[in-house]
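Structure first, commentary second.
So that the names make sense, note that chain A is the first sequence line, chain B the second, and so on, each numbered from 1. All figures in this text were calculated on a predicted structure; none of them were measured in a lab.
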Amino acid sequence: MSTPVSPVRVRMAPSPTGSPHVGLVRTALFNWAFARHHGGTFVFRIEDTDKERSTDESLSSIIDLMRWLGLDWDEGPEVGGPHAPYKQSERSDLYVDALAKLKGSSFTYDCYCTTDEATARRKAAGSKVQGYDGFCRELSQEQVDAFLADGRQAVVRFRMPDGSITWNDLVRGEVTFETEFVPDFALARANGDPLYTLVNPVDDALMEITHVLRGEDLLSSTPRQIALYEALKEVGIAKATPDFGHLPYVMGEGNKKLSKRDPEAHALAYRDKGYLPEGLLNYLALLGWSIAADRDVFSLAEMVEKFEIGDVVANPARFDLKKADAINASHMRLLPIEEISHRVLPFLKADGVVGDPVSDADAQLLELAMPLIGERINKLSEASALLAFLFVDEADFEVDAEDAAKQIGEAGIPVLQASYDALEALSTWSTDAIQTALQTALVDGLGLKPRNAFGPVRVAVTGRRISPPLFESLELLGRDRSLGRLQRALA
RNA sequence: GCCCCCAUCGUCUAGCGGCCCAGGACACCGCCCUUUCACGGCGGGUACGCCGGUUCGAAUCCGGUUGGGGGUGCCA
């Protein structure tokens with residue numbers, strides 16, 4: 001696909017209801033990457049027409065999410081822009097105006113039917129099509145008067161044209177609907193409130209959106225929108241019909257769309273679980289797109305360079321947490337240790353491993369300790385468990401009971417005693433000296449396999465079977481605390 | 001029911017007529033490295049839903065079929 005001629009303008013238009021979904025992130029990412037790749041504009045618009053369900057809390061969590069991910073928008077909340085406001089709840093006058101213009105055209109008509117009446121007629125006629133049947137398309141004045149006299153209020157309905165509607169979908173190719181299967185649809189409620197069917201295209205038109213990249217669930221509403229666009233152009237609201245591209249679903253377990261019920265669906269939870277934004281984004285990008293045949297770890301910048309909407313596949317993808325973890329881990333290994341330290345800090349604070357603010361002593365210790373665990377953690381949140389033993393007050397130091405049971409039993413006591421004696425005799429407290437001393441005492445002296453020799457020491461001193469490298473850990477812990485913990489384990 | 005979309009390893013995908021008795025990644029299973037855990041390295045198994053057609057030649061094109069998904073609101 002070549003670079004579009006007109007400047008690209010794309011948008012993400014979430015409804016601020018509930019906790020943001022990873023599917024939203026994927027859609028946002030593809031729109032963002034498309035805009036950045038083409039040097040276009042990425043618009044962030046809020047579709048809060050549903051007053052019942054929209055919340056400020058949801059909106060701010062979407063904003064937090066986007067900020068965390070680093071998906072920046074050129075127009076929208078907090079940054080403004082030439083098409084402000086970007087919240088639909090603040091754009092009512094625009095919709096009233098659009099509705100008025102449309103009502104003055106032949107593209108719409110007033111409809112007095114109830115849903116039940118329409119369904120009953122369809123049924124009676126034995127129609128295969130469901131939805132509105134066009135009954136009110138050509139009402140006589142007498143009929144209108146009768147409805148009015150009956151106290152009925154009209155909804156504004158859009159008159160679908162005859163024939164078929166075809167568009168060249170950016171990810172699926174040519175798609176055609178016969179309009180006989182696309183019933184006339186309501187643009188506004190009887191009370192005048194505009195509906196999504198109206199506001200979404202109107203805002204896209206007003207904001208001059210050139211490409212609509214959205215979920216595949218909107219595929220079947222596209223013919224209606226394309227027909228509406230013709231009307232909007234006619235009444236002077238739209239300049240052009242955008243191109244459409246329908247992104248495949250993100251599925252959960254089984255064959256269901258990943259729902260808000262699934263814990264994996266909540267995008268912000270990944271931040272709290274210690275994922276890197278670049279890891280999550282990279283994984284999500286893989287759901288429907290690939291950068292190359294033999295690669296799947298890449299940066300956002302690389303994605304921007306290579307992203308083509310035409311390369312997006314049309315089939316739905318299953319969300320695989322294991323792979324998300326693996327991709328995240330790869331990104332973790334790509335970060336310099338200082339950067340990991342920097343990002344791990346909030347987790348250490350939250351877990352109470354270090355104070356807030358961090359004392360100079362702890363900061364120093366951290367700088368020495370981080371290189372030991374950098375390659376050992378796959379998420380930022382995993383650092384606390386590995387480092388806690390270094391920072392904890394001696395009084396609060398605890399050995400994991402299960403690990404102790406496995407490593408320090410009858411057999412462990414002589415090992416710990418020998419270790420204590422060897423270390424106690426040390427004049428230089430360094431990793432090398434410690435290693436030599438323990439090696440000599442346990443492996444050579446007691447004839448133990450390294451595994452059996454160092455296991456008990458590890459548990460006694462770090463409190464767990466899983467820890468940073470032992471000798472380095474001992475050095476960082478220091479002579480007094482190391483010997484003290486051995487003694488405690490012996491007691 | 002009707003309309004639309006989709007269809008390669010368990011999963012995400014590469015493949016856009018011969019380079020493919022199908023490549024990569026995750027997961028899985030062995031082995032190596034190794035003081036634990038990771039990391040890293042090596043090796044292994046597993047896929048073109050089915051039936052026709054086009055073609056010298058099809059995972060790739062066409063038709064059908066089956067299966068899955070979505071839509072069918074005065075929801076978005």
Over-ring placement of Arg224(A) relative to Phe158(A), 6.0 Å and 45° cut-offs: no
What integer number of Å spans the P atoms of A14(B) and G23(B)? 15 Å
Could you state the CG-P distance from Asp116(A) to G73(B), rounded to the nearest angstrom? 12 Å
Would you mind telling me which of C26(B), U36(B), C74(B) lies closest to the side-chain atoms of Arg451(A)? U36(B)
Between C1' on A76(B) and NE2 on His21(A), what's the gap in Å once rounded to a whole number? 14 Å
Between A58(B) and C51(B), how many Å separate the two P atoms, rounded to a whole number? 14 Å
Could you check how far CG of Leu442(A) sits from C1' of U35(B), rounded to whole Å? 10 Å
Is the positively charged end of Arg485(A) above the ring of Phe397(A), judged by distance under 6.0 angstrom from the centroid and angle within 45° of the axis? yes
Residues Glu278(A) and Arg343(A) bridged, charged N to O under 4.0 Å: yes
Would you mind telling me which residue lines up with the more 5' stretch of RNA chain B, Gln153(A) or Trp167(A), judged by nearest nucleotide? Trp167(A)
Mind checking who G1(B) pairs with, Watson-Crick or G-U wobble, both distances under 3.5 Å? U72(B)
N/O-N/O pairs, protein side and nucleotides 12-16 of chain B side, under 3.5 Å:
residue: C12(B); atom: OP1; partner: Arg318(A); partner atom: N; Å: 3.2
residue: C12(B); atom: O2'; partner: Leu286(A); partner atom: O; Å: 2.8
residue: U13(B); atom: OP1; partner: Gly288(A); partner atom: N; Å: 3.0

Residues from residues 213-221 of chain A lying under 4.0 Å of RNA chain B - heavy atoms: Glu216(A), Asp217(A), Leu218(A), Leu219(A), Ser220(A)
Pick base, sugar-phosphate or nothing for Thr114(A), based on heavy-atom distances below 4.0 Å to the nucleic acid. nothing
Which residues in residues 181-191 of chain A have a heavy atom closer than 4.0 Å to any atom of RNA chain B? Phe181(A), Ala186(A), Arg189(A), Ala190(A)
Base, sugar-phosphate, or nothing: which does Ser15(A) touch, judged by heavy atoms less than 4.0 Å apart? sugar-phosphate
Any donor-acceptor pair under 3.5 Å from Asn328(A) side chain to Leu276(A) backbone: yes
Would you sort out whether Thr436(A) and Thr440(A) count as a side-chain contact (heavy atoms from CB on, under 4.5 Å), showing the intermediate values? CA-CA 6 Å; Thr436(A) 306; Thr440(A) 306; 4.1 Å; yes
Crowded around Glu117(A) CD? As in, over 12 foreign heavy atoms under 6.0 Å? yes
Can you tell me, in whole Å, how much space there is between the C1' of G30(B) and that of C56(B)? 44 Å
More than 12 heavy atoms of other groups within 6.0 Å of Lys103(A) NZ: no
At under 4.0 Å between heavy atoms, what does Gln435(A) touch on the DNA or RNA strands: base, sugar-phosphate, or nothing? nothing
Between the protein and nucleotides 60-65 of chain B, list the N/O to N/O atom pairs that are separated by less than 3.5 angstrom.
none

Between Glu472(A) and Asp48(A), which has a closest nucleotide on RNA chain B that is more 5'? Glu472(A)
Hey, does the side chain of Ser467(A) reach the backbone of Gly463(A) with a donor-acceptor pair shorter than 3.5 angstrom? no
State whether Lys322(A) and Asp320(A) are salt-bridged, where the test is any N-O pair (Lys NZ or Arg NE/NH1/NH2 against Asp/Glu carboxylate O) under 4.0 Å. no
How is Gly131(A) classified with respect to the nucleic acid when contacts are heavy atoms under 4.0 Å: base, sugar-phosphate, or nothing? sugar-phosphate
Would Arg122(A) and Asp133(A) pass as an ion pair if we require N to O under 4.0 Å? no
Side chain of Ala314(A) only, heavy atoms from C-beta on: which candidate in C6(B), U35(B), A76(B) is closest? C6(B)
Should the pair Arg53(A)-Asp48(A) be classified as a salt bridge under the 4.0 Å nitrogen-to-oxygen rule? no
Are the charged groups of Arg45(A) and Glu47(A) less than 4.0 angstrom apart, N to O? yes
Aromatic contact between Phe135(A) and Tyr112(A), with the criterion being ring centroids under 6.0 Å apart: yes or no? no
Across all strands shown, which nucleotide pairs with C56(B) by Watson-Crick or G-U wobble geometry, both distances under 3.5 Å? G18(B)
Scan Thr49(A) against the nucleic acid and name what it touches under 4.0 Å (heavy atoms): base, sugar-phosphate only, or nothing. sugar-phosphate
With hydrogens left out and only the distance checked, is there a donor-acceptor pair under 3.5 Å joining Arg465(A)'s side chain and the base of U35(B)? no
What interatomic distance, in whole Å, is found between C1' of G10(B) and the corresponding atom of C2(B)? 35 Å
In this structure, how many angstroms lie between the C1' atom of A7(B) and the CE atom of Met251(A), rounded? 12 Å
Report the distance from atom CZ of Arg172(A) to atom P of G70(B), rounded to the nearest whole Å. 13 Å
Under 3.5 Å, which N/O atoms of the protein pair with N/O atoms of nucleotides 40-46 of chain B?
residue: G40(B); atom: OP1; partner: Arg333(A); partner atom: NH1; Å: 3.3

Row check, Phe30(A) ring normal vs Arg26(A) NZ/CZ: under 6.0 Å, within 45°: yes
Please determine whether the number of non-hydrogen atoms from other residues, nucleotides or ligands lying under 6.0 Å from atom CG of Asp56(A) exceeds 12. no
Roughly, in whole Å, what's the span from CG in Asn378(A) to P in C39(B)? 6 Å
Please state the P separation for the pair A59(B) and G49(B) - nearest whole angstrom. 10 Å
Same-atom distance (P) from U8(B) to U60(B), integer angstrom: 12 Å
Using Watson-Crick or G-U wobble geometry with both distances under 3.5 Å, which nucleotide pairs with G10(B)? C26(B)
Taking a pair as Watson-Crick or G-U wobble with both distances under 3.5 Å, which nucleotide is matched to U34(B)? none
Counting any heavy atom closer than 4.0 Å, what does Phe177(A) reach on the DNA or RNA strands: base, sugar-phosphate only, or nothing? sugar-phosphate
Can you find a side chain N or O atom of Arg157(A) that sits less than 4.0 Å from OP1 or OP2 on C74(B)? yes
Between G63(B) and A7(B), how far apart are the P atoms? Round to whole Å, please. 14 Å
Salt bridge or not between Lys306(A) and Glu302(A)? Use side-chain N to carboxylate O under 4.0 Å. no
Can you check the distance between G40(B) and A25(B), where both ends of the measurement are the P atom (answer in whole Å)? 12 Å
Pair Phe307(A) and Trp289(A), ring centroids less than 6.0 Å apart: yes
Does any donor-acceptor pair link the side chain of Arg376(A) with the base of C39(B) at a separation under 3.5 Å? no
Could you tell me whether Arg157(A) sits above the aromatic face of Tyr132(A), with NZ or CZ closer than 6.0 angstrom to the six-membered ring centre and within 45 degrees of the axis? yes
Residue set satisfying side-chain contact (heavy atoms from CB on, under 4.5 Å) with Glu402(A), at least two apart, ordered chain then number -> Asp400(A), Lys406(A)
Protein-nucleotide distance (Tyr249(A), atom OH; G70(B), atom C1'), rounded to Å: 5 Å
A38(B) P sits how many Å from Leu386(A) CG, rounded? 11 Å
Give a yes or no on whether the backbone of Pro248(A) and the side-chain of Glu216(A) come within a donor-acceptor separation of less than 3.5 Å. no
